[in-house]
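Input: a single structure, listed below in structure tokens.
Computed over heavy atoms, backbone and side chain alike; hydrogens, waters and symmetry mates excluded. Throughout, protein chains are lettered first and strands after them, A, B, ... in sequence-line order, and every chain is numbered starting at 1. This structure is a prediction, so every number in the text was calculated from the model and none was measured.
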2 protein chains.
Amino acid sequence: MQDRGQATSSENLLFLTDDQLRKGIEAMFFAYRGFTADPDRILENYAYGRAHHRAVHFINRAPGTTVNNLLDILGVTKQSLNRVLRTLVEDGLVEARIGNRDKRERHLFLTEKGRALEQELSKAQRKRMRAAYRAAGPDAVQGFRQVLEAIMDPGMRKLLNTMTDAG
Amino acid sequence: MQDRGQATSSENLLFLTDDQLRKGIEAMFFAYRGFTADPDRILENYAYGRAHHRAVHFINRAPGTTVNNLLDILGVTKQSLNRVLRTLVEDGLVEARIGNRDKRERHLFLTEKGRALEQELSKAQRKRMRAAYRAAGPDAVQGFRQVLEAIMDPGMRKLLNTMTDAG
DNA sequence: TTGGAAAGTCAACAAGACTGACATAAAATA
DNA sequence: TATTTTATGTCAGTCTTGTTGACTTTCCAA
């Protein structure tokens, strides 16, 4: 049988009960809705979607990244990403430069226009996060980050920390 | 200008810098992927999607809930939810009983089969959450929950806590 | 009793994910 | 050098899940 969180010896493991886990699951669901709500609203004005936001975010985050790299980060198919990148390049938000060393690669950069959209989106998203962080306090934020990292697949955790170290 | 988290007087507000906020944002993105990964894999075997999971979850959570109630929780259009409910009813996972008091209403219940699927899905999701909770520890979990609640729209927070109190 | 509001259903459409097949160019390797 | 692998892009088609609009049934209140 699975561990259901009953206190074993001296430790209080009540935070591992199915009921507590379910509350956390539902909190994740509702919080993610809030998390994406502000950018989603902004994107409607541009006829872009969440997929465009994600691409723009990570290109801004790692300028010069290749398409393949972005595929790993976003976890979608190249056809799906390509549709998004094509519109972003056509609309002049993203520039795709052919690689010097390896001419098969495309290195992706935001244009001035792309940076402007990225700023608008991330500013709105940061605003909500800042309010939440401030309300919860630094210790809560540390716990928040710890649990999120533990929820991720190991590969994603590694990717996140690689990016974080670099940036 | 926006608060960018510089320490003002004695308090250390470094956890509110744009950089820290961005890390939290990316952690949310990657964690949510992990959060949905296990149920998504299971759902493939049944030709259902995330929308079905959500419906089944909340019907299990609040048996007898009406369609309108579920709409508020899920935040989609009734047409979108209806498509999902129709397949679940057709497949015998959900029973929709016409209301006694108000015959316009449908009260939703999981059948035995529905409960079985719900258990399979939530068990997989809880397993990941339990591992994450255990790895991070009770204090981190408390912070996690606090920040998630602060990220939500107030309406959602209220809804979540109403459900939590009742359940 | 009648007209509007509410609950739910049906139809059609769009975004964004997917798979599969294929093309091109460049790099790596046998 | 010849062949294979890699990186990227494209076309076509499908699926899930969101959307709007139009409709029926039921309830309630003026």
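Applying the side-chain hydrogen bond (donor to acceptor under 3.5 Å, both in side chains) rule to B:T111 yields no partners; only residues at least two apart in sequence or on another chain are considered.
At least one donor-acceptor pair closer than 3.5 Å links the side chain of B:N161 to the backbone N or O of B:R157.
Looking at A:D91 and A:Y46, their side chains never bring a donor and an acceptor atom within 3.5 Å of each other.
Across all strands, B:H52 comes closer than 4.0 Å only to sugar-phosphate atoms, never to a base (heavy-atom distances).
When each of A:R50 and A:R101 is assigned the nucleotide of DNA chain C bearing its nearest heavy atom, the one mapping closer to the 5' terminus is A:R50. Nucleotides of DNA chain C nearest to A:K103 and A:S80 differ in position, and the one nearer the 5' end is that of A:S80.
Taking a cutoff of 4.0 Å between a charged side-chain nitrogen and a carboxylate oxygen, A:D153 and B:R128 qualify as a salt bridge. The existence of a salt bridge linking B:R22 and B:D18 is excluded, since no basic side-chain nitrogen approaches an acidic carboxylate oxygen closer than 4.0 Å.
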Reading 5' to 3' through nucleotides 4-14 of chain C, protein heavy-atom contacts under 4.0 Å coded B for base, S for sugar-phosphate only, - for none: -BBSBBBB---
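Under the 4.5 Å side-chain heavy-atom criterion for Ile, Leu, Val, Met, Phe, Trp and Tyr, A:L81 and A:F109 are members of distinct hydrophobic clusters. Note on A:F35: it clusters hydrophobically with B:L159, by side-chain heavy-atom contacts below 4.5 Å among ILVMFWY residues.
Nucleotides of DNA chain D with any atom under 4.0 Å from a heavy atom of chain A span, from 5' to 3', D:dT6 to D:dC11.
Within a 6.0 Å sphere centred on CG of B:N100, heavy atoms belonging to other residues, nucleotides or ligands number 12 at most.
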